[in-house]
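Report on one structure; see the data block that follows.
Side chains included, hydrogens not; waters and symmetry mates left out as well; all remaining heavy atoms used. A, B, ... follow the sequence lines: proteins, then strands. Residue 1 opens every chain.
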Amino acid sequence: MLHVFNSLSGEKEALRPIHPGRIGLYVCGITAYDYCHMGHARVMVVFDVVVRYLRQLGYAVHYVRNITDIDDKIIARARSVGVDEGALTERFIAAMREDQAALGVLPPDEEPRATTHIRHIIEMIQQLEAAGYAYRAAGDVYYDVSRFPAYGALSHMRLDELRAGTRSEPGEHKRDPMDFALWKSAKAGEPAWDSPWGPGRPGWHIECSAMSLHTLGKELDIHGGGMDLKFPHHENEIAQSEACNGVPFVRLWMHLGFVQVREAKMAKSLGNAVLIRDLVARFGGEVLRLFLLGTHYRSPLMLTDEALEAARRSLWRLYGTLAGHAPAEPAWPKGIEARFAAAMDDDFNTPLALAVLFELARETSRLRRSEPGRSAQYAAGLRQLGGLLGLLGEDPEVVRRGAVDERRSTEIETLITERAEARRRKDYARADAIRDRLAQEGIVLEDGPAGTIWRLAGEEGSS
RNA sequence: GGCUGGGUGGCAGAGUGGUCAUGCAACGGCCUGCAAAGCCGUCUACGUCGGUUCGAUUCCGACCCCAGCCUCCA
């Protein structure tokens, strides 16, 4: 039985789908005004694993991850770069798709965008206004939090506690500092849509309420995102959706811990964001994936070169175990599969699941010579379990050789052949000279029962 | 100040009332022409102070420290 930590209740709870056998999952995606950083990578990879595992359990998962393609930051960035908002967002959405693919993340079933749901957003604001949850002020429309008694339930804060540190921005006309904008009137030159309140654009929070309603319905099984969205974004979504729909909005809230750089949260505003694409170039997407899954999703994750390098060696170890087996039906030693499932069932404990994978890898290597048939089966089993985490799907040789072009590859093969002949002649001086030369060039040779294979030494330049 | 998470071996990171996490690194051994890889073993960890207990890293209490949120942020 799968249990998931619900940040609303603060406890692990059994997953009980609203409709038996089906799961509606909504995740807050990116605001498309810049390249994605490792914090985004964590959200993408973790929910990719959640979806893969739920499907493995037999659920029909409907996975929706939105894209915010209109907001203040997009407008500001488009202006500073000198392009229109649409061109800017298209560019960064395309970049996100590249990053996602590099991380082995399957695309969500739907990726609704705010600008294609303006009509639904306006309808929802009208409903809120009609029900007395919203008020107009100088062309803007605000949500009146005093009308929603449960406000603060998700962040475990009372309204007066939340108010403590607030200040009002110039140009706002809120009755209460905790009120938030549903609709913002357009200033000259800003992109705008017609509405009952005049030309303007949606506030940030309302889009998720409107899009989740129109893609998944009034009640969601799981809603997720980064820890920083808990307040105010998700709190506001609850206020909007429940005021509108009259039913509990979300069964389970999943919030991810931060990726940290040198003891501090990674954030664009702090200038310490590490882009996915930069690390993909250095380590390869699968290494990043293993790194991200090596820590439980709710814990903070410290991003360091040492940790990434350790992840690379770990991944290579697994691929080394996988290499050179005959095709076989997947199998496991007794208990492995159950322990893997138990780990995943316990709030998606991927670090523990990975530990089980490493134990399986060790057993596979141990039997390699004595029982090659069983060893091959275990290797196939390792690949299959790894696949549930979106790992170990590549050709082991290719992964370990990294980004070496074909010409270079042929050169290396030629030298290996030359060395093999030298070894046959017992001309070890010559053989070692060849090996040393390749080692200096970052190529490591491994002599095995099936001949000599080669791989990259590490440091820079994996696939 | 309020709220939310944390403090585990050289590093990363799970977990548990009394026998093993796991990975990376290091050291010793096996294997190897020598290596590399792999396998075996070693390196006897649980913030502090009390309490409960036959026994606590694990339960309870207090305290200290770290990160985050209370403003846009995955």
Side-chain angles (χ1 to χ4, degrees), chain A residues 7 10 27-31 34 36-44 46-47 71-73 76 152 154-158 160-169 177-178 204 224-233 235 255-260 263-270 273 290-291 294-296 298-302 304 306-318 320-321 323 339 343 346 349-359 361-370 400 423 426-429 431-432 435-436 439 444-448 452-455 457:
Chain A
S7 37
V27 172
C28 289
I30 64 161
T31 298
D34 206 343
C36 292
H37 62 233
M38 286 300 287
H40 301 109
R42 195 175 195 190
V43 173
M44 291 189 228
V46 165
F47 284 105
D71 92 323
D72 295 354
K73 269 186 286 211
L154 182 63
S155 36
H156 307 283
M157 299 273 277
R158 292 192 317 274
D160 57 309
E161 292 172 339
L162 285 166
R163 282 196 194 100
T166 54
R167 58 189 157 78
S168 54
E169 296 288 327
M178 294 318 295
W204 176 37
M227 202 77 100
D228 44 359
L229 297 185
K230 200 170 176 182
F231 187 90
H233 185 56
E235 198 77 67
H255 287 105
L256 274 56
F258 289 116
V259 175
Q260 296 184 184
E263 304 278 316
K265 166 194 173 186
M266 176 184 299
K268 287 170 193 159
S269 53
L270 295 177
L290 181 65
F291 166 72
T295 299
H296 185 84
R298 282 190 282 121
S299 301
L301 207 190
M302 198 76 81
T304 63
E306 294 71 35
L308 289 166
E309 192 55 47
R312 163 146 59 200
R313 287 170 194 269
S314 300
L315 186 70
W316 283 14
R317 157 110 183 270
L318 293 173
T321 303
R339 285 169 55 214
D346 184 13
N349 192 338
T350 54
L352 188 54
L354 285 171
V356 176
L357 247 43
F358 278 104
E359 285 183 50
R362 184 165 3 103
E363 196 58 24
T364 304
S365 299
R366 198 193 335 237
L367 297 177
R368 187 160 212 138
R369 278 160 184 271
S370 58
R400 282 151 44 95
R423 290 181 72 208
K426 297 213 192 305
D427 180 359
Y428 294 119
D432 291 351
R435 188 173 61 198
D436 291 347
V444 178
L445 301 187
E446 297 179 10
D447 298 330
T452 300
I453 60 173
W454 61 273
R455 65 176 171 85

A:Met302 CE - B:A14 P separation (whole Å): 12 Å
Minimum-distance nucleotide (side-chain atoms of A:Lys73 versus B:C72, B:A14, B:G23): B:C72
Between A:Ser155 and A:His37, the residue closer to the 5' end of RNA chain B by nearest nucleotide is A:Ser155
Which distance, rounded to the nearest 0.5 Å, do you find between the CG of A:Leu256 and the NE2 of A:His296? 9.0 Å
Under 4.0 Å, counting only non-hydrogen atoms across every strand here, what does A:Val27 touch: a base, just sugar-phosphate, or nothing? nothing
When you measure from the side chain of A:Leu352, which nucleotide among B:A74, B:A21, B:G23 comes out closest? B:A21
Taking B:A14, B:A67, B:C73 as options, the one with an atom nearest any side-chain atom of A:Gln260 is B:A67
Atom P, compared across B:G41 and B:A21: separation rounded to whole Å: 12 Å
Rounded to whole angstrom, note down the C1' distance from B:G28 over to B:C60. 44 Å
When you get a sec, tell me which of B:G68, B:U71, B:C24 is the closest nucleotide to the side chain of A:Ala264? B:G68
Nearest-angstrom distance from the residue atom CE of A:Met227 to C1' of B:C66: 14 Å
Counting just side-chain N and O atoms, does A:His40 come under 4.0 Å of either OP1 or OP2 of B:A74? yes
Give one of base, sugar-phosphate or nothing for A:Ser299, where a contact means two heavy atoms less than 4.0 Å apart. sugar-phosphate
Pick base, sugar-phosphate or nothing for A:Met38, based on heavy-atom distances below 4.0 Å to the nucleic acid. nothing
Given B:U4, B:A21, B:A74, identify the nucleotide with an atom nearest to the side chain of A:Ala355. B:A21
Side chain of A:Ala267: nearest nucleotide among B:A14, B:C73, B:A74? B:C73
Could A:Glu446 and A:Arg435 be called an ion pair, given the rule that one side-chain N must be under 4.0 Å from one carboxylate O? no
Given protein heavy atoms under 4.0 Å, the one-letter contact record of nucleotides 32-45 of chain B, with B base, S sugar-phosphate only and - none, is simply -BBBBSSSS-----
Let's see if you can work this out: which of B:C70, B:A74, B:C3 has an atom nearest to the side-chain heavy atoms of A:Phe231? B:C70
d(CD, A:Glu309; P, B:G13) in whole Å: 17 Å
Say you pick atom P in B:C54 and the same atom in B:C69; how far apart are they, in whole Å? 46 Å
Using the P atom as the point on both nucleotides, what is the distance between B:U58 and B:U8, in whole Å? 14 Å
CD of A:Glu306 versus C1' of B:A26: gap in Å, rounded? 16 Å
Between B:C63 and B:G23, how far apart are the two C1' atoms, rounded to whole Å? 34 Å
Can you tell me which nucleotide in B:U71, B:G68, B:G23 comes closest to the side chain of A:Lys265? B:G68
If B:A67 has a Watson-Crick or G-U wobble mate with both distances under 3.5 Å, name it; if not, just say none. B:U4
Kindly compute the distance separating CD (A:Glu363) from CG (A:Leu367), expressed to the nearest 0.5 Å. 5.0 Å
Starting at NE2 of A:His255 and ending at P of B:C69, how long is that distance when rounded to a whole Å? 14 Å
Which nucleotide in the set B:A14, B:C73, B:A21 lies at the smallest distance from any side-chain heavy atom of A:Glu359? B:A21
CA sep, side-chain torsions, deciding dist, call: A:Asp71, A:Lys73, salt bridge (charged side-chain N to carboxylate O under 4.0 Å, His left out): CA-CA 6 Å; A:Asp71 92 323; A:Lys73 269 186 286 211; 5.2 Å; no
Can any side-chain N or O of A:Arg423 pair as donor or acceptor with the backbone N or O of A:Tyr428 at less than 3.5 Å? no
With RNA chain B as reference, determine whether A:Met157 or A:Ala311 sits nearer its 5' end, using the nearest nucleotide of each. A:Met157
Straight-line distance of A:Glu235 CD to A:Ser155 OG, nearest 0.5 Å: 3.5 Å
Whole-angstrom distance between B:G13 and B:C65, as gauged at atom P: 23 Å
Just the rounded figure in Å: distance from P of B:G15 to CG of A:Asp346. 7 Å
Considering Watson-Crick and G-U wobble pairs with both distances under 3.5 Å, what does B:G9 pair with? none
Rounded to the nearest 0.5 Å, the OG1 atom of A:Thr321 sits from the CZ atom of A:Arg366 at a distance of 12.0 Å
Quick one: do A:Glu359 and A:Arg362 make a salt bridge, cutoff under 4.0 Å? no
From CE of A:Met178 across to C1' of B:C3 the rounded distance in Å is 13 Å
Applying a 3.5 Å limit to both distances, which nucleotide forms a Watson-Crick or G-U wobble pair with B:A26? B:U42
Going by ring pair (Phe, Tyr, Trp, His ring centres under 6.0 Å), name the residues that satisfy it together with A:His255, two or more places apart in sequence or in a different chain. A:His234, A:Trp253
Between B:A14 and B:C24, how far apart are the two C1' atoms, rounded to whole Å? 15 Å
With both distances under 3.5 angstrom, what nucleotide forms a Watson-Crick or G-U wobble pair with B:U58? none
Partner of B:C73 by Watson-Crick or G-U wobble geometry, both contacts under 3.5 Å, or none? none
Rounded distance (Å) that lies between atom C1' of B:A14 and atom CG of A:Leu301: 14 Å
Just by modelled atom types, is the A:Gly448 backbone N or O under 3.5 Å from a matching donor or acceptor in the A:Thr452 side chain? no
With rounding to the closest Å, how many angstrom separate the P atoms on B:U48 and B:U57? 10 Å
